[in-house]
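Atom set for the values below is all heavy atoms of this structure, side chains included, hydrogens, waters and symmetry mates excluded.
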Amino acid sequence: MSDLINKASLQLREIIMDALGALTAEEAIPAVPVPAFGIEIPADKSHGDFAANTAMVCAKAFRMNPRQIADLILGKLNLDGTLFDRAETAGPGFLNFFLSRRWFSDVVRNVLDEGDDYGKTDFGAGKRVLVEFVSANPTGPMHIGNARGGAIGDCLASVLNAAGYEAKREFYVNDAGNQIEKFGKSLSLRYMQICSDNGQKVMAAADGDTEKLCADIYAESGEGQTFEMPEDVYLGTDIIEHAANYYAVNGNSLADVSEEDRKKALVDYALPLNIAGLERDLKKYRIVYDNWFRESTVHEKGETKSIVDKLLDAGKAYEEDGAVWFRATEYGLDKDFVLRRSNGLYTYIVPDIAYHYDKLVTRGFDKAINVLGADHHGYVPRLKAALSALGVDSDRLDVVLMQMVRLVRKGEVVKLSKRSGKAITLVTLLDEIPIDAARFYFNLREANSQFEFDLDLAVEQSSQNPVYYVQYAHARICSLLRNLESEGISVPQSADLDLLSDQREAELIRHLASLPGEINLAAKCYDPAKLTKYAIDLATLFHRFYDACSVKNAASAEIMNARILLCTAVRQTLRNVLAILNINMPEKM
């Protein structure tokens, strides 16, 4: 698969080096090693398609004026048969190069020839990468942070695959530990609340208004009411629904059993439903995981004990006052931390260490990438230090820290309340806005940036809505081709693409050519937002071209055919970008 910008850049470096070689042979410049020089794409295209700072970086080594060196190089450049038409010197010694019509024509042909594969690269060289994202607590529904993390993680995996990696998606199910204990306690309290009321409201609502049932039960559990809930439990209405549903089928069968047995029975009932719900809701969001990894398997296989034993045997952990501590200060952290408490229980980080050891050692992924909330910034150095102590290169673990998102409606921030149990969840968000808008919007900014999600704009059908704007460009091309077809004008098999000489055509083609590089950069930076920006810019350049350069009423049939192929190449490129983001490409809007 071709990257014609990179191809031109590499060829340009050879052209410059050949010119320097010729100058050295003529003794016009000294025979010294040529310092590394840069080749870049100027923002102002009047300065050329490429610029090189060769003369300036060579000034000291050659003991010559940069402008003099630039003029000498210019005089020795051989552009015959290359992708470049001409070159010029500028300013203190810049060398500016202008691409040939052949290059612009090759870009359009390249897009059309490669089709659905256009933009894909071999940058990742087949390295195996595991992208873990969302990994929401299975004790409740997914919130807005999970919605952003899901869009970022899923699109990141697609970007990596497009860049030549072998990326897999994984959800880490926290089905063990303190949160499950808290889940069980919450379910037990709600269940006993229903039992104390003889379940009358549950039975009355069995075929009726479950939402009203939850509201009634919730109202009775406030301060000073008949059933006060403690602080260390989950207070969402989903807990009430689980308890009520269990009661509707099994009655008060758990009322007289021990607290531990009651919690276990309720967790065994509710947790699988929650996990299935997570999978169902994520599929609605167009996210399908390659693997769901359960934390409980780490415990069942004894991997938590194995990790602590490894660290003790390596002298990277020590015992004190009955607890086991990790020597974190040896790895630049402020203080050591506990791995196993004096009561024999492991701290939360131990199964996480075991899990990442499993990723990188047992399963042998080249890279593990986690998409986490910004509140995990202190957790990451601990995890990396422990992996280093286990002999694992901590650079094989990369973490994308994601800022939370604020929802805005009518210019006001939408207040979320975990206490009331009425927070906007992923499901309620997707009931309000299109899935395409959610996936596109959550990837509009890089993960570590603050972000406001405008709920009104996300459903607006106007150019102000970025996803609508991009999809409209695709639909506009489809409409053009349909209208031409109805008049007997088909997409030509070939055309004289050298006729695409208008400045707006050139700008559009340059942007088409930049897709492989943008995919590589997005993969390198772990930033799918680079592709949403690319798509918006491509739509803008297309609309600008289409409004200025008539296709149907072009000056000649030859120019019309060339522009039809350019439009077809733009449509293909938009499809490829939106396919990576898993966003629909409507043909009519």
Asker: Within this structure, what is the CD1-CD1 distance for the pair Ile194 and Ile240, rounded to the nearest 0.5 Å?
Answerer: 7.5 Å

Asker: Between Gln572 and Arg575, is the side-chain hydrogen bond (donor to acceptor under 3.5 Å, both in side chains) condition met? List the steps.
Answerer: CA-CA 5 Å; Gln572 181 67 65; Arg575 284 179 174 176; 5.1 Å; no

Asker: Taking the basic N atoms (NZ, or NE/NH1/NH2) and the acidic carboxylate oxygens, is any pair closer than 4.0 Å for Asp117 and Lys120?
Answerer: yes

Asker: Do the ring centers of Tyr346 and His299 come within less than 6.0 Å of each other?
Answerer: no

Asker: Taking atom CE of Met192 and atom CZ of Arg262, what is their separation to the nearest 0.5 Å?
Answerer: 4.5 Å

Asker: Please report the C-alpha distance between Lys359 and Glu132 in whole Å, then the side-chain angles of each, then the deciding distance to 0.1 Å, and finally whether the salt bridge (charged side-chain N to carboxylate O under 4.0 Å, His left out) criterion is met.
Answerer: CA-CA 10 Å; Lys359 290 181 182 181; Glu132 183 216 327; 2.9 Å; yes

Asker: Under 30°, 30 to 60°, or over 60°: which ring-plane class applies to Tyr165 and Phe123, parallel, tilted or perpendicular?
Answerer: perpendicular

Asker: Just do the side-chain hydrogen bond (donor to acceptor under 3.5 Å, both in side chains) check on Tyr285 and Asp154 with the steps written out, would you?
Answerer: CA-CA 10 Å; Tyr285 200 25; Asp154 190 49; over 6 Å; no

Asker: Hey, what's the ring geometry for Phe442 with Phe453, parallel, tilted or perpendicular (30° and 60° as the breaks)?
Answerer: tilted

Asker: Determine whether Asp175 and Ser296 satisfy the following criterion, side-chain hydrogen bond (donor to acceptor under 3.5 Å, both in side chains), listing intermediate values before the conclusion.
Answerer: CA-CA 6 Å; Asp175 62 341; Ser296 56; 2.7 Å; yes

Asker: Please report the C-alpha distance between Lys310 and Ser306 in whole Å, then the side-chain angles of each, then the deciding distance to 0.1 Å, and finally whether the side-chain hydrogen bond (donor to acceptor under 3.5 Å, both in side chains) criterion is met.
Answerer: CA-CA 6 Å; Lys310 279 184 170 69; Ser306 175; 3.1 Å; yes

Asker: What residue among Tyr526, Tyr289, Phe171 forms ring-ring contact (aromatic ring centres under 6.0 Å, His included) with Phe133?
Answerer: Tyr289

Asker: Does the side chain of Gln179 come within less than 4.5 Å of Tyr234's, by heavy atoms?
Answerer: yes

Asker: Do Tyr191 and His242 have ring centroids that are under 6.0 Å from one another?
Answerer: no

Asker: In Å, rounded to the nearest 0.5 Å, how long is the span from CG of Leu531 to CG of Asn443?
Answerer: 9.0 Å

Asker: Checking Arg382 against Phe337: charged group under 6.0 Å from the ring centre and within 45 degrees of the axis?
Answerer: yes

Asker: Does NZ or CZ of Arg128 come closer than 6.0 Å to the centre of the six-membered ring of Phe365, within 45° of the ring's axis?
Answerer: yes

Asker: When the ring planes of Tyr441 and Phe451 are compared, do they come out parallel, tilted or perpendicular, using 30° and 60° as the limits?
Answerer: tilted

Asker: Any side-chain heavy atom of Lys284 within less than 4.5 Å of one from Asp431?
Answerer: yes

Asker: I'd like to know if Lys182 and Asp232 make a salt bridge, using a cut-off of under 4.0 Å between side-chain N and carboxylate O.
Answerer: no

Asker: When the aromatic ring centroids of Phe542 and His511 are compared, is their separation below 6.0 Å?
Answerer: no

